[in-house]
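Structure first, commentary second.
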2 protein chains.
Amino acid sequence: MTTAAEPGLRERKKAATRQSLHAAAMRLAIEHGPERVTVEAIADEAGVSRRTFSNYFGSKEEALLYGDYQRIHLLIEQVRARPAGEPTWVALTAAAEQFYLKLGDLDPQWVAQSRLVRAQPGLVGAQVQTFAALERDLSAEIAARTGADPASVRVKMTSAVFLASLRVALHIWLDKPPGTNLWELVSETLAEAGRGFA
Amino acid sequence: MTTAAEPGLRERKKAATRQSLHAAAMRLAIEHGPERVTVEAIADEAGVSRRTFSNYFGSKEEALLYGDYQRIHLLIEQVRARPAGEPTWVALTAAAEQFYLKLGDLDPQWVAQSRLVRAQPGLVGAQVQTFAALERDLSAEIAARTGADPASVRVKMTSAVFLASLRVALHIWLDKPPGTNLWELVSETLAEAGRGFA
DNA sequence: TTCTCAATGTGCAAAGTTGCGCAATGGGAA
DNA sequence: TTCCCATTGCGCAACTTTGCACATTGAGAA
């Protein structure tokens, strides 16, 4: 048994279906506008039933934001690659930096998605929930790094504030003219949180 | 024209209907359990149509959490009463303290509601959204106090982190045995955020 | 290889959400 | 006071979400 075992056919199929539904949702949203996309159309596009769509995503918004979810989740996993002795906030900031710099290089259509997200008012609510849902995972990661209790005040606050920083930076970035550097804003919000508010 | 003019019959009726719907939702949720409450039952209990319910609240969860919304909104307004020269974070912490201490005195059934909230998993998502929705109002209040731009990084981060502190404290509190002092936890999360994470 | 079980996909029905249009009414202008 | 209209309540229809029951199919045991 290896540490990163083959996911198995079942899991791979499941992941493929989820990805397919997400891609279909994005395609249709870009083509017809996010508000004119129905669940039925997404399901048809992905070749599954409406019911199956609901088995994977609780709403259209969730399907659209699954890309964001995956990206942030990837960032959280990158935290694991940081040196063990590194202080938590430094590790988080460094992971965010390498993540957003890499993102700045090749994002042909990601900007399009993000702008599309802002256009649809209903998505901001789902956006907030997406970030909040990741707090649990990040807390687990931080707890594993530091040996602290995942339910402790310190760990939970660090997760919440780190993700809130990313979220706020993203929102401000969306209000700025295209071409604005996202990492600069993220860096600024993280620095603000790092230095405290007292 | 006075600063706090009479709201007018129309507005008062509207507020009464909203309050009535919230109360009805709470009553039924406590009686039959939060998951067995239908929108129709709430509307009937409040004496309005199902459609009207949806005019006031986007979901059952929103109706249930309207009490939380009002309370936090009240806290935000209390910030206005703090001395003008007081630094933002001090004002926020002080407002929170007087708010939660006063709350600790007489909360016969509020604890019941909060525990009820935790029981229903679907409510945590709405809870997060409720807090996020208040970020705009708090940002406006802080901007008014300090003369800063409500859309600035500093103001937005202060709002987001302050409300995240309240939210995290509340979640931890809900996992603790009954009788635990809420203000102590809030105080701890606020202190953590105040001192920063760097 | 074959058998068994749990996970997955689906249809159906009940409940929830939202845009549209119409009727009633409070607030303010004339 | 009388009139106008923006706000509010509501019915209706389309769409979304969710619990339930059943068929199908990987994964692992025998």
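Numbered from 1 within each chain, the chains take letters A, B, ... in sequence-line order.
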Return the value, rounded to whole Å, for the distance between atom [atom1] of [X] and atom [atom2] of [N].
X: Asp44(A); N: dT10(C); atom1: CG; atom2: P; result: 11 Å
X: Ile42(A); N: dC15(D); atom1: CD1; atom2: P; result: 14 Å
X: Glu35(A); N: dT18(C); atom1: CD; atom2: P; result: 13 Å
X: Arg36(B); N: dG16(C); atom1: CZ; atom2: P; result: 14 Å
X: Glu40(B); N: dG11(D); atom1: CD; atom2: C1'; result: 14 Å
X: Lys60(B); N: dA14(C); atom1: NZ; atom2: P; result: 16 Å
X: Asn55(B); N: dT17(C); atom1: CG; atom2: P; result: 13 Å
X: Leu64(B); N: dG16(C); atom1: CG; atom2: P; result: 12 Å

Return a single string for nucleotides 24-30 of chain D, one symbol per nucleotide in 5' to 3' order, where B is base contact, S is sugar-phosphate-only contact and - is none, cutoff 4.0 angstrom on heavy atoms. -BBS---
Across the strands shown, which category fits Phe57(B) at heavy-atom distances under 4.0 angstrom: base, sugar-phosphate, nothing? nothing
Looking across every strand, which nucleic acid part, if any, lies under 4.0 Å from Ser54(B) by heavy atom: base, sugar-phosphate, or nothing? base
Among the candidates [options], find the nucleotide nearest to the side-chain atoms of [X].
X: Arg51(A); options: dC12(D), dC12(C), dG9(C); result: dC12(C)
X: Thr38(A); options: dC15(D), dT10(C), dG9(D); result: dC15(D)
X: Ser49(A); options: dG16(C), dT10(C), dT18(C); result: dT10(C)
X: Thr52(B); options: dC15(D), dT17(D), dC10(D); result: dC10(D)

Do Trp173(A) and Tyr100(A) sit in the same hydrophobic cluster, where Ile, Leu, Val, Met, Phe, Trp and Tyr count as joined when their side-chain heavy atoms come under 4.5 Å apart? yes
Same apolar cluster (I L V M F W Y, side chains within < 4.5 Å links), Leu163(A)/Val90(A): no
Are the side chain of Ser187(B) and the backbone of Trp183(B) linked by a donor-acceptor contact shorter than 3.5 Å? no
Mind checking the CG-CG spacing from Leu190(B) to Leu185(B)? Nearest 0.5 Å is all I need. 11.0 Å
Would you tell me if any nitrogen or oxygen in the side chain of Lys14(A) comes within less than 4.0 Å of OP1 or OP2 on dA7(C)? no
Check the phosphate of dG9(C) against Tyr56(A), side-chain N and O only, distance under 4.0 Å to OP1 or OP2. Yes or no? yes
Just so I know, are the side chains of Thr88(B) and Arg154(B) near enough to count as touching, which here means a heavy-atom distance under 4.5 Å? no
Go nucleotide by nucleotide along DNA chain C from the 5' end; which of Glu61(B) and Thr17(A) gets its closest nucleotide reached first? Thr17(A)
Arg136(B), CZ atom: more than 12 neighbouring heavy atoms under 6.0 Å: no
Considering residues at least two apart in sequence or located in another chain, which fulfil the side-chain contact (heavy atoms from CB on, under 4.5 Å) criterion with Ser20(B)? Ala46(B)
